[in-house]
Amino acid sequence: MSAQLAMQHGTLGERLTDANVALSPGQVTAICGPNGAGKSTLLSALAGLEHLDSGLAMLEGRALADLPPKERARRIGYLPQSGEVAWDIAVRSVVALGRLPHGGAADDVVNAAITELALDDLADRAISTLSGGERARALLARVFAGEPEWILADEPLAALDLAHQLSLLGSLKARAANGSGVVIVLHDLALAMNHADRVVVLDQGRIAADGVPADALSVDILRRVWNVDVRWLGQPGAQALVLA
Amino acid sequence: MTRIAIILTILLAIAFPISMLAGRVWIDPESTPNASIILAELRLPRGLLAMTIGAGLGAAGASMQGYLRNPLADPGLFGIAPGAALGAVASFWLGYQASVWALPIMALLGGAGAMALLALIAGRTGGIALFTLAGLMIASLAGALTSLAISLAPNAFAMSEIVTWLMGALTDRSWRDVWLAAPLTLAGITVLAFAGRDLDALTLGDAAARSMGVDTKRLLWLLIIGIGLTVGSGVAVAGIIGFVGLIVPHLVRPFTDRRPSSLLLPSALAGALLVLVADSVVRVLPLVTELRLGIALSLIGAPFFLWLLLRMRRGELIG
């Protein structure tokens with residue numbers, strides 16, 4: 001079982017104010033909030049990539065800043081929003097980059113990550129020839145190939161069609177079911193409501209709600225944070241958001 | 001060793017002996033008078049120096065493009081070559097005739113000064129934008145100071161010496177230049193090789209690279225030291241040889257898997273081959289005076305750069 005990932009009193013300029021959160025492995029945690037609420041900042045701070053003004057990001061009770069970078073990299077996999085791949089390398093090479101924190105390629109692990117994200121037929125193609133959805137899968141496979149305890153992904157579902165969204169979510173949920181911690185920034189509140197085990201809502205750099213989706217994404221919270229009047233329709237696990 | 005590295009090594013092994021014989025006077029070892037002296041004291045050091053400088057520029061170009069994630073990056077753009085040139089020009093001023101070592105050592109000091117300035121400005125944050133802008137600023141400052149030194153030259157002869165030297169050439173170089181440039185270039189390429197994996201990680205962007213444990217400040221230092229040693233020592237013995245660092249990684253990239261680390265060695269070998277062949281060609285061309293190597297490579301390089309830009313505009317170039 002993986003260790004707990006936590007943020008204590010994390011503060012960074014205007015972007016994050018006194019954020020306290022302790023995340024458990026084996027779950028999918030969604031970070032939600034309006035544009036500019038500090039979602040990406042919280043995620044990259046949890047990945048140990050931000051120099052906080054005050055507060056600590058901690059893994060298993062140890063400050064991330066005190067972990068050697070390579071060890072931190074082996075334990076926490078991070079997928080940035082940008083999706084940048086500067087050179088037109090093959091999908092297999094992209095996935096193999098995930099092994100860098102371990103000091104080199106382990107073909108079986110790379111192949112397993114390729115298979116896990118259904119990239120077998122695309123493995124030898126150049127990354128530029130892939131569709132948006134295939135490319136997102138390849139980039140996530142890179143994170144999987146590092147075999148991290150924690151997978152932190154910044155809007156991995158953005159700009160994907162529904163089928164690709166669900167397939168990527170399925171892969172992330174499977175990892176969580178196997179004991180990894182999964183934290184994703186999500187814009188689509190219905191996806192968060194239906195698929196996350198826990199939702200952290202951010203508003204202007206502060207944590208506005210934290211709990212199971214039904215509580216953290218209640219209509220009261222949505223009104224307060226997003227300033228919209230909406231209601232949920234449907235059964236738990238298959239809910240849709242509509243204007244009230 | 002990858003297939004392209006093996007092929008380039010074989011091509012070098014073929015080109016090197018031919019370049020020994022090539023020149024205004026083609027050497028026939030059996031009949032040319034003093035053939036052994038010409039070979040041992042002129043052509044051999046010149047050929048080795050061409051390969052050394054080319055290898056350094058090729059490796060520097062490959063790592064620079066990897067670091068900036070930009071296929072149009074050239075090590076000459078970032079102040080180290082102009083800094084070294086400024087040092088060399090200063091040595092003309094200070095009377096380089098005083099010692100045969102004065103010019104190359106002043107050039108190395110100039111390159112080191114530019115490196116130090118670059119590290120001072122950009123080294124603390126490790127950011128690419130700051131690195132690029134600081135490099136361009138240093139390049140333009142060094143260029144302005146070089147022009148100032150030329151305009152204030154004590155006499156017409158000194159001015160002509162400076163201008164000619166700046167054009168870059170390997171004419172009349174000796175073993176002394178080889179002993180100066182080769183160890184420094186080799187050290188520089190070794191330092192750049194240590195940056196290879198970090199450059200691979202950088203393919204996925206700065207944040208992803210840091211999340212994979214890349215220490216971006218260490219990477220910046222490796223780049224500055226590696227490029228400083230390779231480019232600085234090249235300028236110290238041959239003047240400014242442009243475009244090699246830009247062209248070579250492009251020619252080689254399609255034959256590799258395009259990861260920056262897999263590009264380093266082939267770029268060094270291809271750089272060595274390009275400068276060796278180019279220097280042999282300028283020797284053979286039937287002109288009144290020998291075409292300066294720096295000019296020849298710029299004449300090839302500038303249209304090549306334009307061709308790259310056009311390809312980029314058509315969206316064909318994504319690395």
Side-chain angles (χ1 to χ4, degrees), chain A residues 40-41 43-51 64 67-105 124 126-129 135 138-140 142-143 145-146 148 150-154, chain B residues 2 61-73 124-128 194-219 249-250 252-264 266-267 311-312 314-319:
Chain A
S40 295
T41 305
L43 191 79
S44 68
L46 282 167
L49 302 179
E50 301 285 350
H51 293 287
L64 284 182
L67 282 182
K70 292 284 180 202
E71 184 188 341
R72 187 204 68 217
R74 284 192 292 271
R75 300 184 66 178
I76 303 178
Y78 172 76
L79 182 65
Q81 196 182 342
S82 73
E84 175 179 357
V85 185
W87 306 105
D88 197 14
I89 58 183
V91 170
R92 184 181 300 282
S93 300
V94 172
V95 179
L97 287 177
R99 297 302 299 172
L100 284 177
H102 298 268
D124 296 317
I127 188 87
S128 69
T129 64
R135 186 186 174 96
L139 291 171
L140 187 62
R142 186 276 295 172
V143 177
W150 281 88
I151 296 164
L152 275 51
D154 197 349
Chain B
T2 56
S63 40
M64 188 63 107
Q65 292 182 7
Y67 180 64
L68 296 176
R69 285 169 276 156
N70 187 334
L72 298 182
R124 287 177 60 174
T125 57
I128 287 171
F194 276 104
R197 276 195 177 170
D198 287 356
L199 292 175
D200 286 351
L202 212 53
T203 300
L204 300 176
D206 190 59
R210 284 189 297 126
S211 81
M212 285 192 270
V214 170
D215 181 343
T216 48
K217 277 186 209 166
R218 173 181 171 271
L219 176 60
H250 276 284
V252 172
R253 194 171 281 122
F255 302 101
T256 68
D257 65 6
R258 295 171 187 269
R259 282 178 304 122
S261 66
S262 68
L263 201 57
L264 275 175
S267 290
R311 272 185 69 198
M312 194 170 241
R314 289 201 300 267
E316 290 172 19
L317 196 72
I318 48 168

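Within every chain, numbering begins at 1; the chains are lettered A, B, ... in the order of the sequence lines, protein sequences first and strands thereafter.
- Atom-to-atom distance recorded for B:L204:CG and A:I89:CD1 is 6.5 Å, nearest 0.5 angstrom.
- Taken from OG1 in B:T203 to CD1 in A:I127, the straight-line distance is 11.0 Å, to the nearest 0.5 Å.
- Heavy-atom distances place the backbone of A:I76, and not its side chain, under 4.5 Å from chain B.
- With a threshold of 4.5 angstrom between heavy atoms, A:P101 approaches chain B through its backbone and through its side chain.
- Listed by chain and number, the residues in a salt bridge (Lys or Arg N to Asp or Glu O under 4.0 Å) with B:R69 are A:E84 (sequence neighbours excluded).
- Both the backbone and the side chain of B:D257 come within less than 4.5 Å of a heavy atom of chain A.
- Interface remark: A:L139 contributes side-chain atoms only to the contact with chain B (heavy atom separation under 4.5 Å).
- Residues B:V214 and A:L100 form no side-chain contact, since every pair of their non-hydrogen atoms from C-beta on lies 4.5 Å or further apart.
- Of the possible donor and acceptor atoms, none in the side chain of B:R210 sits under 3.5 Å from a partner among the backbone N and O of A:G48.
- Ranked by heavy-atom pairs under 4.5 Å with chain A, the list B:G213, B:A208, B:S211 is led by B:S211.
- Between the side chain of B:R258 and the main chain of A:W87, no donor-acceptor pair closer than 3.5 Å is present.
- Close approach to chain B, defined as a heavy atom under 4.5 Å from one of its heavy atoms, is seen in A:P69, A:K70, A:R72, A:A73 of residues 67-74 of chain A, taken by number.
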